[in-house]
Amino acid sequence: MAAARGIAAVTTALAVAVAAALAPAARGVDRSEFPPGFLFGAATSAYQVEGAYLEDGKGLCNWDVFTHTHSRGIRDGRNGDVADDHYHRYMGDVEILHSLGVNSYRFSISWARVLRRGRLGGVNSDGIAFYNRLIDALLQKGIQPFVTLNHFDMPHELEIRCGGWLGAGIREEYEHYADVCFRAFGDRVKFWTTFNEPNLFTKFQYMLGAYPPNHCSAPFGSCNSGDSHREPYVAAHNIILSHAVAVRNYKENYQAKQGGSIGIVIAMKWYEPLTNTTEDILAARRALSFELEWFLDPIFFGDYPREMREILQSNLPTFTSEEKKLLQYKADFIGLNHYTAIYAKDCIYSPCNLQTYEGNAFVLAIGERDGVKIGRDTAFAGYYVVPEAMEPAIMYVSQRYKDTPVYITENGYSQSSDASREELMNDVERVNYLKGYVAYLSAAIRNGANVRGYFVWTLMDNFEWTFGFSVRYGLYHVDFDTQERTPRMSARWYQDFLTGSSLTLEAQAQRADS
Ligand code: NOJ
């Protein structure tokens, strides 16, 4: 008996040792590897799911106007007028979240639903009431709201009155909006983020001209107005200072009594040097500096990174001493939207076509090395499946920002809407993607990274910005004619991972509908 126990103990120890030695993706992953209180959730954003674009006193937002006036800029010419009709179906969606077993839901507030005209109009009480209902329904199910204040959308009036993010007046507008939200919802919301991916949307708005207000200049594109070399940095400067004034207000007037925390979400690709030459190694570093440190260095260290100043010179604004004082408020945590990795090739010493997303850093991002792709393709061009990059990406941020808590606020896999019904529902590729990324997330935590949560993008298929409805990221498939939500294989996998049991998600969804 004792011998049998001894053998069992040795076998278990061996299994643990073998599991630890295996690459994370190969050995699978278990929820018990994550610390107690770790948030596991799913994410959406207001414009992408809510619909009800003109209901109950909501004002028009920049995306309402852009999709209606610029439909050729959206792959399928469609818009978010109805999207997932989440505004009316939120109760069913909360049921779906509950049945998945998540303990947090990341969503954003529509600024134009709360303040149709920014600071000049009153607060829209119907808008406040909607988010109160949503927050209360989540909390009743034990799901923590993880709230983004700005996820690409703003009241259209502010485009006109302030020049969007280009005018300094937007800082006061944003501070007021954030204050309205802290006051209305902060008794129950413990996780706030000021902005979602400002490092990405400012480039799409003001460098590439693909997002409203569609500003760009040659050689990046042809727009009616804009300056691709300058405007993205002016917008970023105003966003960093808007973040700062909102965080100051939260910390001085709300945090002590409400007990929450506030951070910012940055899009983070991992850049792998194309070759092991010093030039490419520096290029990969520079790409990160122009992406991540562009926002996080001012927030945590009080100024833009040196490489950016050297290259951009006077196109990069400088912080006045008054502005620098505001930067002392920093952020309580960093949210990272991490989907992919790509090779970085230097363009300072060798010539490249620089009209690209990374062009401002004199970097060319390439998906292949010697004819071999860095990872499997997804439906999103340039987004490859590279789960092992999750670990160095997290370690890099943890080391640079001295253990500031990190949340993976988005991670997910896209499919084309043209795929067959079978492929769309039995989404094995998405299951493998999520398993792999979660396994490397667990490896980063074992390596000492202070990661506190993980959110799958996205709960259900929704309006994917310039891709319209042509690309699907959901754990749930959505039929946009009937609004029926159907769990994919990946929803089952996530539920199984979270709860250890595969319930029948369809049955639960039906219950939610009835
Ligand atoms: C980042 C954005 O935050 C989200 O809105 C978008 O849908 C996903 N990534 C997928 O592209």
Side-chain angles (χ1 to χ4, degrees), residues 41-51 61-64 66-67 73-76 78-80 83-84 86 105-111 146-154 191 193-205 208 210-212 239 263-270 291-292 295 334-342 357 377-386 390 393 407-417 427 429-430 433-434 437 453-478 480 490:
T44 64
S45 89
Y47 186 76
Q48 294 180 271
V49 299
E50 282 181 7
C61 79
N62 52 344
W63 277 88
D64 292 321
F66 180 71
T67 52
I74 310 294
R75 188 187 275 183
D76 57 9
R78 293 169 70 188
N79 57 50
D84 291 293
H86 173 72
Y105 173 49
R106 176 173 180 248
F107 64 94
S108 76
I109 293 177
S110 156
W111 189 343
F146 196 102
V147 178
T148 310
L149 289 167
N150 178 270
H151 195 122
F152 301 180
D153 56 330
M154 66 157 55
F191 301 94
T193 64
T194 51
F195 287 93
N196 177 68
E197 297 192 344
N199 59 329
L200 180 140
F201 79 70
T202 47
K203 283 187 168 182
F204 277 82
Q205 289 184 318
L208 307 173
Y211 287 4
I239 290 172
I264 186 165
V265 173
I266 302 293
M268 185 188 189
K269 276 183 202 161
W270 179 249
E291 291 292 309
L292 185 86
F295 282 82
I334 297 169
L336 297 177
N337 290 353
H338 177 70
Y339 287 81
T340 192
I342 198 136
Y357 189 78
D377 282 321
T378 66
F380 230 64
Y383 276 46
Y384 301 94
V385 181
V386 194
M390 176 73 109
Y407 291 84
I408 299 300
T409 34
E410 286 183 30
N411 174 241
Y413 178 87
S414 60
Q415 296 173 292
S416 160
S417 286
D427 55 342
E429 299 277 357
R430 181 174 288 110
Y433 177 100
L434 296 175
Y437 275 84
Y454 170 88
F455 294 81
V456 175
W457 183 270
T458 174
L459 175 63
M460 54 193 167
D461 298 337
N462 55 48
F463 179 79
E464 181 52 41
W465 308 114
T466 51
F467 291 83
F469 297 98
S470 69
V471 161
R472 293 173 181 263
Y473 269 99
L475 293 169
Y476 276 73
H477 175 274
V478 176
F480 292 104
S490 55

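Quick caveat: nothing in here was measured; it's all calculated off a predicted structure. Indexing begins at 1, ligand by ligand and atom by atom, following the structure's order.
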Short N or O separations between ligand 1 and the protein, below 3.5 Å:
unit_1, atom_1, unit_2, atom_2, d
ligand 1, 3 (O), His151, NE2, 3.1
ligand 1, 3 (O), Asn196, ND2, 2.8
ligand 1, 3 (O), Glu410, OE1, 3.3
ligand 1, 3 (O), Glu410, OE2, 2.7
ligand 1, 5 (O), Gln48, OE1, 2.7
ligand 1, 5 (O), His151, NE2, 2.8
ligand 1, 5 (O), Trp465, NE1, 2.8
ligand 1, 7 (O), Gln48, NE2, 2.9
ligand 1, 7 (O), Trp457, NE1, 3.3
ligand 1, 7 (O), Glu464, OE1, 2.6
ligand 1, 7 (O), Glu464, OE2, 3.4
ligand 1, 9 (N), Tyr339, OH, 3.2
ligand 1, 9 (N), Glu410, OE1, 3.0
ligand 1, 11 (O), Glu464, OE2, 2.6

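- Contact detail for Lys269 and Ile342: the closest heavy-atom pair is CD-CG2, 4.1 Å.
- A distance of 6.0 Å or more separates the ring centres of Phe195 and Phe295.
- In summary, the aromatic rings of Phe204 and Tyr357 are positioned with their centroids under 6.0 Å apart.
- Side-chain rings of Tyr407 and Phe455 stay apart, their centers remaining 6.0 Å or farther from each other.
- Every residue was checked against the salt bridge (Lys or Arg N to Asp or Glu O under 4.0 Å) condition with Asp76, not counting sequence neighbours, and none meets it.
- Under the 6.0 Å cut-off for aromatic ring centres, Phe152 and Tyr47 do not qualify, their centroids lying 6.0 Å or more apart.
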